[in-house]
Amino acid sequence: MEGRWKGILALLAILTGLTASGSSYRILEGPKNVTVLEGSEARFNCTVSQGWRLIMWALNDTVVLSLTPTEPIITNNHFTSASYEVEGNFVSEMIIHDVQLNDTGRIKCSLQNSAQDGSAFLSVEVLGTLHIPTGSLVVTEAEPCNVTCHAVGWIPLPDITWQVHVPVSQSSYFSFPGPEDHQSAVSILSLTPQGNGTLTCVATAKGLHAYKSDTVNLTVIAPPLGNIDKPGTSLPTWAIILLAVSFSLLLILIIVLIIIFCCCCVSRREEKESGYQSEIR
């Protein structure tokens, strides 16, 4: 606390001693917009011409770091400074350590006794968790199934995609925000598997290349034989054709047998009648 008050007093003393003679220097290039992950560092550069007396860095209109030609005035170790020269111009770099979500906002670099400033925006993203509730899946071959993936605690909500390393006849997915939590999202993959493999759910932060993934093993088993008799179970086309041909051949065979049987009966009857007539004679 004592060091902080000393820094504030030093800054007040410098501001008191400065005059309005700073019109000969100016900001040549202000800071750029930055997007970082929570817990990482954020860096902003401000390039000014020589002759400056005081550079001030502000976060959401609150001065958090000041810099004189001799030394920086640091009142909070969350904000530190680095500096170097480029082509004869002075570059001030403000470093925000262990960035938190509440650091999101407008960053401004300004000069004492100058109406000019440079501003940028700091965006902070939070990587949450990602998981497929089922550790492994056992499904029936050629039967449609769904796989669900949950992303929790993401700011903003991520883009969710699927990597399907399974032979399938069809697959599609759709994602939507969680019904009870604005920081969560759900993605459902629908597929008709034809063999074993893996399914990977991938969540990617919108403004960064950071991502998380979760993989589940998929095992496909043959359908039970009893499924053929179940209502609503459809047979493949080749099976239907084979059954139709079999029934047709069976019907033809039955008709042929009936004809042969009838012919035999008629022949036996004629033989009996012929024998009876011979006996009468």
Side-chain angles (χ1 to χ4, degrees), residues 35-40 99 101 123-254:
T35 301
V36 298
L37 289 176
E38 185 181 43
S40 61
V99 175
L101 190 61
S123 300
V124 181
E125 297 195 359
V126 179
L127 259 63
T129 61
L130 183 75
H131 69 286
I132 301 173
T134 305
S136 61
L137 292 173
V138 179
V139 298
T140 303
E141 182 181 1
E143 286 193 4
C145 63
N146 294 331
V147 185
T148 304
C149 181
H150 296 273
V152 180
W154 291 71
I155 301 176
L157 293 180
D159 295 322
I160 301 180
T161 57
W162 288 85
Q163 297 174 358
V164 180
H165 301 293
V166 173
V168 298
S169 60
Q170 69 84 27
S171 67
S172 62
Y173 66 88
F174 65 96
S175 304
F176 53 91
E180 299 179 355
D181 185 359
H182 297 298
Q183 298 177 6
S184 67
V186 178
S187 183
I188 298 177
L189 170 67
S190 300
L191 71 159
T192 303
Q194 303 292 333
N196 301 333
T198 60
L199 303 172
T200 301
C201 178
V202 182
T204 305
K206 289 186 177 296
L208 302 167
H209 296 294
Y211 68 92
K212 286 188 176 182
S213 63
D214 192 19
T215 300
V216 63
N217 294 320
L218 184 72
T219 302
V220 174
I221 60 175
L225 296 177
N227 282 0
I228 297 178
D229 298 328
K230 291 182 180 180
T233 302
S234 60
L235 294 175
T237 304
W238 63 267
I240 295 175
I241 296 175
L242 181 61
L243 288 175
V245 173
S246 300
F247 282 125
S248 300
L249 292 176
L250 180 61
L251 181 61
I252 293 173
L253 179 61
I254 291 173

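Not measured: the values here are computed from a predicted model.
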Please give me the minimum heavy-atom distance between [X] and [Y], naming the atom from each residue.
X: Thr140; Y: Ala222; result: CG2-C, 4.4 Å
X: Glu143; Y: Pro193; result: O-CD, 3.4 Å
X: Leu101; Y: Val126; result: CD1-CG2, 4.1 Å
X: Glu141; Y: Gln194; result: OE2-O, 3.9 Å
X: His150; Y: Val186; result: ND1-CG2, 3.7 Å
X: Thr148; Y: Pro133; result: O-CD, 3.2 Å

Drop me the distance from [X]'s [atom1] to [Y]'s [atom2], to the nearest 0.5 angstrom.
X: Gln163; Y: Thr198; atom1: CD; atom2: OG1; answer: 8.5 Å
X: Leu249; Y: Leu253; atom1: CG; atom2: CG; answer: 8.5 Å
X: Cys149; Y: Trp162; atom1: SG; atom2: CH2; answer: 5.0 Å
X: Ser248; Y: Leu243; atom1: OG; atom2: CG; answer: 10.5 Å

Open item on the list: Side chains of Ser190 and Asn146: any donor to acceptor distance under 3.5 Å?
Closed with: yes
Any side-chain heavy atom of [X] within less than 4.5 Å of one from [Y]?
X: Val139; Y: Ile221; answer: no
X: Thr161; Y: Tyr173; answer: yes
X: Leu191; Y: Leu218; answer: yes
X: Thr192; Y: Val168; answer: no

Task: CA sep, side-chain torsions, deciding dist, call: Thr219, Ser136, side-chain contact (heavy atoms from CB on, under 4.5 Å) - done: CA-CA 8 Å; Thr219 302; Ser136 61; over 6 Å; no
Task: Member of Leu189, Ile188, Ile160 meeting the side chain to side chain contact (heavy atoms under 4.5 Å, CB included) criterion with Ser175 - done: Ile160
Open item on the list: Pro156: which residues meet the side chain to side chain contact (heavy atoms under 4.5 Å, CB included) condition with it, sequence neighbours left out?
Closed with: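 Testing Pro156 for side chain to side chain contact (heavy atoms under 4.5 Å, CB included), a comparison that skips the adjacent residues, returns Glu125, Lys206.
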Report, one line per pair, each donor and acceptor closer than 3.5 Å where one atom sits in a side chain of residues 207-217; sequence neighbours left out.
| unit_1 | atom_1 | unit_2 | atom_2 | d |
| --- | --- | --- | --- | --- |
| Lys212 | NZ | Gly128 | O | 2.7 |
| Asp214 | OD2 | Ile132 | N | 2.7 |
| Thr215 | OG1 | Thr200 | OG1 | 2.9 |

Open item on the list: For Thr129, is there any backbone N or O sitting under 3.5 Å from a side-chain donor or acceptor partner on Trp154?
Closed with: yes
